[in-house]
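What's counted below: heavy atoms across the whole structure, side chains too, no hydrogens, waters or symmetry copies.
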Amino acid sequence: MTEPTADEPWPVRVVSQKIGAWIGRLGWVWVDGQVAQITRRPGTSTVFITLRDPSADLSLTLTTSRDVIDTGAPNLQNGARIVAHAKPDFYPGRGTLSLRADEVRQVGIGELLARIEMLKKHLAAEGLFDPARKRRPPFLPRRIGLVTGRASAAERDVLTNARRRWPAIDFRVINVAVQGATAVPEMVNALRLLDADDTIDVIVLARGGGSTEDLLPFSDEALCRAVFACRTPVVSAVGHETDNPLVDFVADARASTPTDAAKRLVPDLRDELRLIDQARYRLRRALGHTIDREQHRLDALRSRPSLAKPHAILDQHQAEIGGWRDRAARSLRHRLDRADDGLSHTTARLRALSPAATMQRGYAIVQRADGTVVRAPGEVTAGEQLRIRVAGGEFHAEVTEERA
């Protein structure tokens, strides 16, 4: 039978055979996962284990023998972490993939802690723990997103204490598995839902105390990266004070317990009212002191003569101006009197020296026809007409004879 070309439709059996052949070439691999379910069927030596990826919603069936389990993990229980040396097998008839293991080892707490420490260094080197990128949660969030176990003590502690401190606070609670195989995928999905909600101002990831194995999901790399990717500030409230899962280092803030998270998320209404009363008292006292100080200053200003009797300075200036005006009038009058006296004396002297005054004493001015004043008899000739001016007027005369 010839193999169909790429352009022709392939029968299901051909596709299944090719997938089986390709998977068969993978060989043996080491697989790390969490036991979601272990089944030991009576009367058979085969053990069926549902192996789940702690960071994803993905599982595979692993088959092995009782001897392998009893040798490598004699007390294996659901939820345990194992490492298996297995070969992938594809069953063409059912189209299913499984793992066949010849060695199974349960991962001890020491090895888990070592892996967490290595992951911690890796995430720190990438900058997921950088304090510079951490955001401060709001002082009073409008709405809080809470990711926690269903009907858990952590949920009760957060809700009760937060509402006791601020009764009007609003929550959106998403209940998830906080341990076990499905814990990480459920928490990652819840974080994405809350981060996409624009009404959420801060997200709280809360869980009560537990063993190191119980808290392993909170040190998972996928959960740490989901917290780092959130745009909304995330507060980690996992375990007790001594518990430090890796999500504590990635979160924007860490609370030692769920109760401590409630105290960090919302202020105490009574404390805030007391602070408001104190602020009002200080403001009222400061305002009273300011008013008193300004009143004293105003009283001092009003008590000054310039403000108490504003017309007094005007009266003073008016009196000064009156004095200056009187002195100016007296000085002007004195100067005018002296000038009048000088003018009188000058006038008298002028009058005394005036030809008119001389003529008043009987003198006359003799002028020739051309207006020339005659000063001697020899300046005229007989028959010449003369003009004679006296105090009372003037008249004309004719020279009858010449005298030397």
**Prompt:** Where do R52 and T182 land on the side chain to side chain contact (heavy atoms under 4.5 Å, CB included) test, with the steps shown first?
**Reply:** CA-CA 8 Å; R52 192 178 189 89; T182 62; 3.7 Å; yes

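- Once rounded to the nearest 0.5 Å, the distance linking NZ of K134 with CZ of R254 reads 11.5 Å.
- The minimum heavy-atom distance linking R142 with D170 is given by the pair O-CB, 3.8 Å.
- Proximity of T96 to T61: side-chain heavy atoms (C-beta onward) are nowhere separated by under 4.5 Å.
- When each of L128, N244, L123 is tested with F249 by the rule side-chain contact (heavy atoms from CB on, under 4.5 Å), just one qualifies, namely N244.
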**Asked** What's the verdict on side chain to side chain contact (heavy atoms under 4.5 Å, CB included) for D220 and V188, showing C-alpha distance, side-chain angles and the deciding distance?
**Response** CA-CA 11 Å; D220 187 87; V188 169; over 6 Å; no

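- A salt bridge is absent between D271 and R165; no separation between the charged side-chain nitrogens and carboxylate oxygens falls under 4.0 Å.
- The OG1 atom of T39 sits 7.0 Å away from atom CZ of R41, with the distance rounded to the nearest 0.5 Å.
- No donor-acceptor pair closer than 3.5 Å links the side chain of S331 to the backbone N or O of R327.
- Formation of a donor-acceptor pair under 3.5 Å by the N189 side chain with backbone atoms of P185 is not found in this model.
- Side-chain atoms of I69 and R66, non-hydrogen and from C-beta on, never get closer than 4.5 Å to each other.
- The shortest heavy-atom contact between A262 and A162 is CB-N, 3.6 Å.
- Taking every heavy atom of both residues into account, V184 and A222 meet most closely at CG1-CB, 4.1 Å.
- For the pair D252 (side chain) and R135 (backbone), a donor-acceptor distance under 3.5 Å is present.
- Of the possible polar contacts, one joining the E186 side chain to the A177 backbone as a donor-acceptor pair under 3.5 Å is found.
- Under the 4.5 Å side-chain criterion, counting only non-hydrogen atoms from C-beta, V31 is not in contact with L60.
- Judged by distance alone, the side chain of R207 and the main-chain N or O of V147 form no donor-acceptor pair under 3.5 Å.
- Contact annotation: the side chain of R293 approaches that of T290 to within less than 4.5 Å [non-hydrogen atoms, C-beta and beyond].
- Enclosure of atom CD in Q318 is not indicated, since only 12 or fewer non-hydrogen atoms of other residues, nucleotides or ligands lie within 6.0 angstrom.
- With a 4.5 Å cut-off on side-chain heavy atoms, L159 and L146 count as touching.
- Checked by atom type and distance alone, the side chain of D89 never pairs as donor or acceptor with a backbone atom of L99 at under 3.5 Å.
- From N161, atom CG reaches atom CZ of R264 across 14.0 Å, with rounding to the nearest 0.5 Å.
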**Asked** Given the rule in the side chain to side chain contact (heavy atoms under 4.5 Å, CB included) test, do E272 and W166 qualify, once you have shown the distances and angles that lead to the verdict?
**Response** CA-CA 10 Å; E272 297 305 315; W166 198 274; 4.2 Å; yes

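- Put simply, the side chain of T50 never gets that close to the backbone of A36: no donor and acceptor are under 3.5 Å apart.
- Residue L223 forms a side-chain contact (heavy atoms from CB on, under 4.5 Å) with just one option from L205, L246, V250, and that option is L205.
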**Check against side chain to side chain contact (heavy atoms under 4.5 Å, CB included), R284 and L287** = CA-CA 5 Å; R284 191 181 301 113; L287 185 59; 5.7 Å; no

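- The backbone N or O of P245 sits nowhere less than 3.5 Å from a side-chain atom of S219 that would complete a donor-acceptor pair.
- Considering only heavy atoms from C-beta on, L97 comes within 4.5 Å of P88 through its side chain.
- Within 6.0 Å of CZ in R133 there are more than 12 heavy atoms belonging to other residues, nucleotides or ligands.
- With rounding to the nearest 0.5 Å, the separation of CG in D337 from CZ in R330 is 13.5 Å.
- The distance from atom CZ of F218 to atom CE of M187, rounded to the nearest 0.5 Å, is 4.0 Å.
- Exactly one of T148, V178, L215 qualifies for a side-chain contact (heavy atoms from CB on, under 4.5 Å) with V238. That residue is L215.
- Note on residues 16-39: pairs passing ring-ring contact (aromatic ring centres under 6.0 Å, His included), not counting sequence neighbours, are W28-H85, W30-H85.
- P141 and I144 get closest at one heavy-atom pair: CG-CG1, 3.7 Å.
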**Prompt:** Please walk me through it: do K87 and D102 pass salt bridge (charged side-chain N to carboxylate O under 4.0 Å, His left out)?
**Reply:** CA-CA 9 Å; K87 185 178 186 302; D102 63 356; over 6 Å; no

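- In this structure, T46 OG1 and R40 CZ are separated by 12.5 Å, a value rounded to the nearest 0.5 Å.
- Smallest separation of non-hydrogen atoms from R368 and E384: NE-OE2, 2.8 Å.
- Screening D195, D198, D197, D201 for a side chain to side chain donor-acceptor pair (under 3.5 Å) involving T232 leaves a single residue, D195.
- Counting non-hydrogen atoms of neighbouring residues, nucleotides and ligands closer than 6.0 angstrom, the CZ atom of R192 reaches no more than 12 such neighbours.
- Across all their heavy atoms, A84 and V104 have their closest contact at CB-CG2, 4.2 Å.
- Between the S152 side chain and the E155 main chain, a donor and an acceptor come within less than 3.5 Å of each other.
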